[in-house]
Amino acid sequence: MASSTPPHCSITAPSKPHQIASSSSSHKTLQQQQQPHLQRRFTSQKVCASPRNPANSLSKANKAPNFLSPLPTPNKTHLSPDFSGKKSTRFVSKLHFNRQRSSLSTRHSPVAEDFLTQSSAATVDDDQFQVLLMGFQARLSGSEDFCFLLRELGNRGESSKAVVCYDFAVQRESKMSERGKLASTMISVMGRLGNVDSARFVFDNAVNGGFGNTVYTYSALISAYGRSGLCQEAIGVFQMMKTQGLRPNLVSYNAVIDACAKAGVKFEVVNDIYDDMLSNGVDPDRITFNSMLAVCKGGLWKEAMRLVTEMGMRGIDQDVFTYNTLLDVICKVGKMDLAFDIMSEMTAKNVMPNVVTYSTVIDGFAKAGRLEDALAMFEEMKCAGIALDRVCYNASLSIFLKLGRFKDALNVCKEMESCGIRKDVVTYNALLGGFGKQGKYDEVRQVFEQMKNVRVFPNVLTYSTLIDVYSKGGLYREAMEVFREFKKAGLKADVVLYSGLIDALCKNGLVKSAVLLLDEMTKEGIRPNVVTYNTIIDAFGRSAGMDYLVDAINGGKTSMVSTYNSAARNHEGSEHNRVMKIFGQLAIEKSHNFREFNESRQELLCILGLFQKMHKLEIKPNVVTFSAILNACSRCNSLEDASMLLEELHLFDDRVYGVAHGLLTGSRDTIWIQALSLFDEVKQLDTSTASAFYNALTDVLWHFGQKRGAQLVVLEGKNRNVWENVWSTSCLDLHLMSSGAARAMVYAWLLNIRSVVLEGHELPKLLSILTGWGKHSKVVGDGALKRAIEGMLNGIGAPFHLAETNLGRFISQGTAVTAWLKKSGTLQVLLLQDVKTQPENRRLDQRPNLQPLPL
DNA sequence: ATAGGGTTAG
């Protein structure tokens, strides 16, 4: 097993993997040395892609129809829904396609195949189907043929024909045991089709008819409930079978464990079932362990690793399911370097990664923000001769969209088309979000129209996405229109849609209204999640303290009021009106430039109430929550107010609180070791989460005058590469930083440059400080960061000025900066102090030759 | 009886 502290493997190097693999030179490149796993994987994949195995070497070859070998069943039987574009792959995986056929269970007669061919014409309705059945009745032989038919009908989604077939077969079957077989098959088929009520109906009838009390029907029903996420029901059936005196077998146990895994049941609970299994003398097999692994998806990656080891000790071989599930667990906790190692290990053990393996790991990289690494995995995959499927295409599409590489994104769409994979709702949603986030609203409109034209029906995610992109762009009229359409489609709103609406309110400073809407959604039975809460917490103080933000987005447009009024008149539905009112409120509120001063006080109470609700609903906070609390503290006018919020932080997390509190109160020396370990841990998260935390912590320190502390935090962030290439001698890039972090960083950078000058080096001709447009503000063109930096530079007399060509860039001649840095008073200006310092800190800070920069 | 995907917070 790979070690728990894997070496860091970079796979971002520019040259393509297959170039490494095909390199015949004995010279080892640096990249090869850094990528032992990658190379190893390639060498073994190359073997299977060799000319002796041409079928594996080209993705197109994989899709060649099986004309060469005559199929037992004609054409449509084995046609994957992938090609007909009817079902998602997720659904396909639930069907029987990949099932190994044991010679016993599926020994059906050729007549059954024949019947299937004749009855599968699109024009055959249920009645005609029954007539056909009667015609074949004499020649179809017993339950084996009928079970085969039921499964095949299930695969085609022919639910009602399956019902006809089942009734027909049961009525004509005299043996109880054979009827029992039919029943368990039918329950399984209905379960796979997601029709759990029908499954239950069949089960109950079978039990009442005296042929349903078998381990098989119970197991099938447990599985049916499991697939629908109804874990409690599954466990109920499991217990019921025991009270009926039936002894659960391996399949029963596996089914109930799988049900728990799908529903996200706690590991301890499932472990009890596992122990129960052992004590009843049922030996776990590979599938048991694979399902137990799936239970670890909640983040128990160490437990997952342990399970795999235990499998080995029990002499159970790991298969591709084992590794794919394990990888999923590892990827979900973001341990991508470990995932990379495990992938190499599976190859070494001759368990070859497949399309699921790759899409799991690719998704892990993408979620960790390592988009280039994700793209490199695609190359590796193609090189290994593994054809992309729908899931993979959608993953690659969304990566290109995230990178803003629209040309590549459209190429992915074309490639999908040429492979015969139709764009599904996931594809379209990705396109809508991708274009929308870049403000390409024309394209959004076109894509939305197109998807409806080709009858890919928008779902809740589609509407949430659209409402979100329009709201973020301030296009409330369009957002309102989308919401109207959403209601017309008769879909039920979910937590994400509501969170989007709440966010729209928050971004406009309407925190109290946001809290009201939160109560609304709770009343409607929609459970808010941590994102919903983080949104509101982070918005604290925006209305009272940041009115200029409201002004900035205002732009003088108030025409929304009339839009709202006419919209509200047309619809009487209460929820509809409420949301319409929200959009209206957004428009109206924008015209208010002044707010009550005591509003911030009210808001504080409002937020404190919010924390109560969070505890009550047992919503677990995350790092973003901590960042949000720190940001809220930054908007408090007094340390007293802030300390009320910090107390809430205390309830959530001792360590984060300890560090924040210690730095704020000047006990830096005593807390610094803990701070460093916290920083290390934060760095394990993806870069945007990490930088947001650093930004928040720095801001609150800066806000309360702990500027030296803020600077030290920022430098730790820089050392851990949180903001990516922050500085060189000629350029300081602040565009990912908050205003406090950016200011602390400017001081540090100038001191660094000063030491360059004092060492006698010449500065570059031109120096730049980039602020972008202030990513932190999230308001396009807002430039809050730019203003903060401008004020600061002016304040210390630095000779930088705005570049005329780029409004987010400050420049200065190197000679001017050199002269300024050499002036006698400059050093004093650049050294930051904390307003609060414990004696030991003061001693350190006042050493005259203190170099603040660990360069 | 087992594996992978899309929306929301910073």
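Protein chains get the first letters and strands the later ones, always in sequence-line order, with residue 1 at the start of each. All heavy atoms count here, side chains included; hydrogens, waters and symmetry mates do not. Computed from a predicted structure; not experimentally measured.
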Between atom CG in A:Asn254 and atom P in B:dA3, what is the gap in whole Å? 12 Å
NA contact type, A:Val355, heavy-atom cut-off 4.0 Å: base, sugar-phosphate, or nothing? base
Quick one: label A:Thr689 by what it contacts on the DNA or RNA (base, sugar-phosphate, nothing), any heavy atom closer than 4.0 Å. base
Base, sugar-phosphate, or nothing for A:Thr360, non-hydrogen atoms under 4.0 angstrom? sugar-phosphate
It should be established whether A:Arg286 places a side-chain nitrogen or oxygen under 4.0 Å from OP1 or OP2 of nucleotide B:dA3. no
Of the options B:dT8, B:dG10, B:dA3, whose atoms approach the side-chain atoms of A:Asp468 most closely? B:dT8
Interatomic distance, A:Leu401 CG vs B:dT7 P [rounded to whole Å]: 11 Å
Donor-acceptor pair present, A:Asp389 side chain and B:dG4 base, under 3.5 Å: yes
Hey, what's the ring geometry for A:Phe626 with A:Phe652, parallel, tilted or perpendicular (30° and 60° as the breaks)? tilted
Report yes or no: is there a donor-acceptor pair, N or O only, under 3.5 Å between the side chain of A:Ser499 and the base of B:dT8? yes
Quick check for you: among B:dT7, B:dT2, B:dA1, whose closest atom lies nearest to any side-chain atom of A:Asp285? B:dA1
Length of the line joining A:Lys332:NZ and B:dA3:P, which is rounded to integer Å: 12 Å
Out of B:dG4, B:dG10, B:dA1, whichever nucleotide has its closest atom nearest the side chain of A:Ile287: B:dA1
What integer distance in Å separates A:Leu397:CG from B:dG4:P? 21 Å
Applying a 4.0 Å non-hydrogen cut-off, can you work out what A:Lys437 is touching in the nucleic acid: base, sugar-phosphate, or nothing? sugar-phosphate
Which part of the nucleic acid, if any, lies within contact of A:Cys392, taking any heavy atom under 4.0 Å across all strands shown: a base, the sugar-phosphate backbone alone, or nothing? base
Between A:Lys367 and B:dG4, is there a side-chain N or O to OP1/OP2 distance below 4.0 Å? no
Salt bridge between A:Asp258 and A:Arg227, side-chain N to carboxylate O under 4.0 Å? no
Without swapping roles, check the side chain of A:Asn459 against the backbone of A:Leu461 for a donor-acceptor pair under 3.5 Å. yes
How is A:Asn429 classified with respect to the nucleic acid when contacts are heavy atoms under 4.0 Å: base, sugar-phosphate, or nothing? base
If you only use heavy atoms from C-beta on, which nucleotide in B:dA9, B:dT7, B:dG10 is closest to the side chain of A:Asp494? B:dT7
Are A:Glu524 and A:Lys492 close enough for a salt bridge, meaning some N to O gap below 4.0 Å? no
Any base atoms under 4.0 Å from A:Thr535, or only sugar-phosphate, or nothing? Heavy atoms, all strands. sugar-phosphate
Atom CE of A:Met343 to atom C1' of B:dG4: distance rounded to whole Å? 12 Å
What is the distance, to the nearest angstrom, from the CZ atom on A:Phe378 to the P atom on B:dG4? 17 Å
Nucleotide nearest A:Val624 when distance is taken to its side chain, options B:dA3, B:dA9, B:dT7: B:dA9
The side chain of A:Arg227 lies closest to which of these nucleotides: B:dT7, B:dT2, B:dA3? B:dT2
NA contact type, A:Thr325, heavy-atom cut-off 4.0 Å: base, sugar-phosphate, or nothing? sugar-phosphate
For the pair made of OH in A:Tyr323 and C1' in B:dG4, what is the distance, rounded to whole Å? 18 Å
Taking OP1 and OP2 of B:dA1, is either one under 4.0 Å from a side-chain nitrogen or oxygen of A:Lys262? no
Among B:dG4, B:dA9, B:dT2, which is the nearest nucleotide to the side chain of A:Val531? B:dA9
Could a donor-acceptor pair under 3.5 angstrom be found where the side chain of A:Asn622 meets the base of B:dA9? yes
Inter-residue atom distance A:Met305.CE - A:Glu310.CD, 0.5 Å rounding: 14.5 Å
Is the terminal nitrogen or CZ of A:Lys437 (NZ for Lys, CZ for Arg) located under 6.0 angstrom from the six-membered ring centre of A:Phe435 and within 45° of that ring's axis? no
Should the ring pair A:Phe238 and A:Tyr253 be called parallel, tilted or perpendicular, given that the plane angle runs from 0 to 90° and is split at 30 and 60? perpendicular
Pick base, sugar-phosphate or nothing for A:Val256, based on heavy-atom distances below 4.0 Å to the nucleic acid. nothing
With the side chain defined as heavy atoms from C-beta on, A:Asp538 is closest, among B:dA1, B:dG10, B:dT8, to B:dG10
Using a cut-off of strictly less than 4.0 Å, decide whether A:Lys507 has a side-chain nitrogen or oxygen near OP1 or OP2 of B:dT8. no
So, A:Asp686 and A:Lys367, do they make that salt bridge, N to O below 4.0 Å? no
Selected nucleotide, minimal atom distance to A:Lys472 side chain, candidates B:dT8, B:dG6, B:dA3: B:dT8
Taking the side chain of A:Val530 as heavy atoms from C-beta outward, which of B:dA9, B:dT7, B:dG4 is closest to it? B:dA9
Between C1' on B:dG10 and CG on A:Asn529, what's the gap in Å once rounded to a whole number? 14 Å
